[in-house]
Amino acid sequence: MVRRQAASGVNPVEPASPVRPSTRRVQRRDSVTTVHRSNVLRFLAIFACVAAFSIVYKVNRTGSKAASGPVASEGAPPHQNHPKTNKVATGKSQTPVNIPARSLHEHLKAVDRRKRSGDVVGALQYARSAVAAANSSANRRAALIVQASLERQLRLHADAYSSHRAAFELEGQLGATVGQYLISFTEMITDRYLGFEFDQALELLNHTRAVLQGKMSPEGEGLLHKMEAFVRYCTGDFSAAVRAMGAGRALPSTSQTAAQRGLDTIRHLLYVRCVLTSLRRKSQQHGATGAIKEAHTDAISGPEDAATMRMYSALLQNLTAEVASVKKWKRTDQLPVDYAPTLTARPWHTRDEWPTLGNLFDLLESHTPELLAEYRRLRENDLLVRDQDCIQHPEGAQWSRFEVNGVTSELGADGCSVHTPVACGLFDRLRQASPVRLTRLGYSALRAQSWIKPHYGRTNKVLKLHLGLVVPGGGCATMRVGNVTKAWRSGKVLMLDDSFEHEVFNDCNDERVVVQLVMGHPEIPSDPQAKSIIFDSH
């Protein structure tokens, strides 16, 4: 029997907590969910498992997913969470919601219908009604987890934290296991770091260790090490991230699949890459034109830095060899989660290589003045949303975006933002002219003196077009994809495959702005099955 205990007044960030989980050890992630026999709780469990397990082995925030690691990519669509574009806080959604009194089960069915229709805001309203309609602690806890997952999807991370904490406090009444406590703590830690509250995330992580000390299995301890590594990576403490990731990977894991182990290796590799990039940037010199000149390893400032470079370079080689042994990918510089090995792969593409895409280049470039004027209106009206991926370096970096066909409360009848008529009209013309499916169009602004850290896109089944909109002169705004670095030019389009390792530098004194178009790989239409995979998984 699972022991039941009271949990009133639980504060997960205080040094001590009256909630004491049972001594059952974590053996497998799928053994930590309490069995509920009613149909309502089985329905809730679907949502609860998705929300809980997504963080235990988090892959990446793409599309509407929360970003959770350096596998994320510049260009994954944010869910606009801004008082002028998202009315979540005031209870408005794309379709006005009149919520009648109904049963918990009916509320949850309405949540599912709203989510399937793409109305995440409306789904959240029904989820909040489901919490109010819950007639037991177990029902309320599960409904809170559904609510938190939707709040996170809409980037309402403070609200998601409050919902996860409320669910956590109910677990004491329900007799939670160590595994359930661990999942609850990791969800709250995730809410903290997604909201850029890194100190609070680390404090809560250390508190989790104190509360569960001696009760977790090595697998649970390894999970906390890996979470610490990611938070350290977010703060820019890359050496600590490498150490924590190494400690987590050294602990045994009985439930981790080969694919999950491969993703852990990739994260470890990227943390090491960030250490090396940071060391190299110490010795970078700006020429008269402002272009970056990278020093050789033996020119690193001081013998200690040179020795550190050699140590991390050797570790990088070992991790690269480990990735190569997985045999999933053909190259070690192209490591997306979703990988199609038969597609033509190169870091940069040109319009000459894909002549059927020439119209897309022409349409984008010809609309440069109108798009620039529209971007300035977005900026003046404070409608850009800061991206919340940790791939932007915390020291002064700021990467802001506006996805014209992202999840927003003010979409027009055509499914495009009412704030961007120019971009929406262009997107419609682009779709009519394109031989491949187009998925997203948006503005992407990177503040002066910013660095987006090395990472991979989640799939090689898409390519991206970047139209330079605001590009300071002198070649100081650059993007490295694979081993090739290019600079944007105003009014010109670059075509790239972001499933290769890439990073972005804006070493200029002004912001860099591009318009990004995301499209299916040109070879996908010849393979109907591959086409289905890309757009279903987007």
Side-chain angles (χ1 to χ4, degrees), residues 59-60 62-63 70-77 259 262-263 266 269-270 273 320 323-365 430-431 433-441 444 454-468 478-489 492-504 514-538:
V59 175
N60 176 6
T62 60
V71 185
S73 172
E74 181 178 17
L263 291 174
I266 292 173
L269 183 152
L270 288 173
R273 179 75 75 182
T320 301
V323 168
S325 69
V326 175
K327 303 298 184 183
K328 174 181 177 179
W329 302 280
K330 288 185 175 181
R331 318 172 46 135
T332 57
D333 59 348
Q334 185 190 28
L335 304 172
V337 174
D338 183 21
Y339 181 62
T342 61
L343 297 177
T344 297
R346 47 181 170 264
W348 296 93
H349 296 249
T350 67
R351 65 181 295 168
D352 292 337
E353 293 163 342
W354 304 105
T356 59
L357 302 179
N359 286 342
L360 304 185
F361 283 72
D362 293 336
L363 279 170
L364 283 167
E365 293 177 354
L430 288 165
R431 283 189 293 189
S434 176
V436 297
R437 183 169 175 179
L438 309 182
T439 59
R440 297 199 312 274
L441 183 71
S444 175
H455 59 285
Y456 304 93
R458 79 170 302 273
T459 180
N460 68 328
K461 298 173 185 176
V462 299
L463 297 178
K464 296 182 176 179
L465 298 183
H466 280 194
L467 170 67
T478 60
M479 183 173 188
R480 176 185 65 81
V481 185
N483 292 322
V484 180
T485 299
K486 292 189 177 184
W488 290 275
R489 291 190 296 159
K492 297 298 180 182
V493 170
L494 292 175
M495 186 177 184
L496 61 112
D497 183 344
D498 77 340
S499 65
F500 284 83
E501 182 187 297
H502 61 287
E503 60 185 329
V504 179
V514 299
V515 170
Q516 177 176 256
L517 177 66
V518 183
M519 64 183 183
H521 193 288
E523 293 174 345
I524 285 179
S526 62
D527 184 347
Q529 182 178 4
K531 185 174 184 178
S532 173
I533 290 172
I534 174 180
F535 299 122
D536 289 346
S537 65
H538 178 261

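Throughout, residue positions are numbered sequentially from 1 according to the sequence presented. Since we're looking at a predicted model, the values are computed, not measured.
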Return the [atom1] to [atom2] distance between [X] and [Y], rounded to the nearest 0.5 Å.
X	Y	atom1	atom2	result
Leu364	Leu430	CG	CG	5.0 Å
Thr459	Asp338	OG1	CG	4.0 Å
Leu494	Leu465	CG	CG	9.5 Å
Leu335	Thr320	CG	OG1	8.5 Å
Glu503	Leu270	CD	CG	10.0 Å
Met519	Arg437	CE	CZ	14.5 Å

For the side chain of [X] and the backbone of [Y], is there at least one donor-acceptor N/O pair under 3.5 Å apart?
X	Y	value
Lys464	Gln516	no
Trp348	Val484	yes
Lys461	Leu343	no
Glu365	Val493	yes
Asn460	Ala340	yes
Thr332	Ala324	no
Glu523	Thr344	yes
Arg351	Gly358	yes
Tyr339	Gln334	no

Ring centers of Trp354, His521 separated by less than 6.0 Å =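 Between His521 and Trp354, which both carry aromatic rings, the centre distance is below 6.0 Å.
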
Any idea which heavy atoms bring [X] and [Y] closest together, and the distance?
X	Y	value
Leu360	Ser434	CD2-CB, 3.8 Å
Arg273	Pro454	CG-CG, 3.7 Å
Leu269	Glu501	CD2-OE1, 4.2 Å

request  = For residues Leu357 and Met495, determine if any side-chain heavy atom of one lies less than 4.5 Å from a side-chain heavy atom of the other.
outcome  =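 The answer is yes, as the side chains (C-beta and beyond) meet within the 4.5 Å cut-off.
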
inquiry  = Between Leu496 and His502, is there a side-chain heavy-atom distance shorter than 4.5 Å?
reply    =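 No, side chains not in contact.
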
request  = Check the pair Ile524 / Val436 against side chain to side chain contact (heavy atoms under 4.5 Å, CB included), numbers first and verdict last.
outcome  = CA-CA 8 Å; Ile524 285 179; Val436 297; over 6 Å; no

ask   = Counting only heavy atoms not in Arg331, do more than 12 fall under 6.0 Å of its CZ?
value =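 Counting neighbours around CZ of Arg331, more than 12 heavy atoms of other residues, nucleotides or ligands fall under 6.0 Å, so yes.
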
inquiry  = Under a 3.5 Å cutoff, is there a donor and acceptor pairing between the side chains of Asp352 and Thr350?
reply    =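 There is no such pair between these side chains.
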
ask   = Of all residues at least two apart in sequence or in a different chain, which pass the salt bridge (charged side-chain N to carboxylate O under 4.0 Å, His left out) check with Glu353?
value =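 Glu353 satisfies salt bridge (charged side-chain N to carboxylate O under 4.0 Å, His left out) with Arg346 once adjacent residues are dropped.
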
message = Quick one, His466 with Met479, criterion side chain to side chain contact (heavy atoms under 4.5 Å, CB included). Give me CA distance, side-chain angles, the key distance, then yes/no.
response = CA-CA 11 Å; His466 280 194; Met479 183 173 188; 4.2 Å; yes

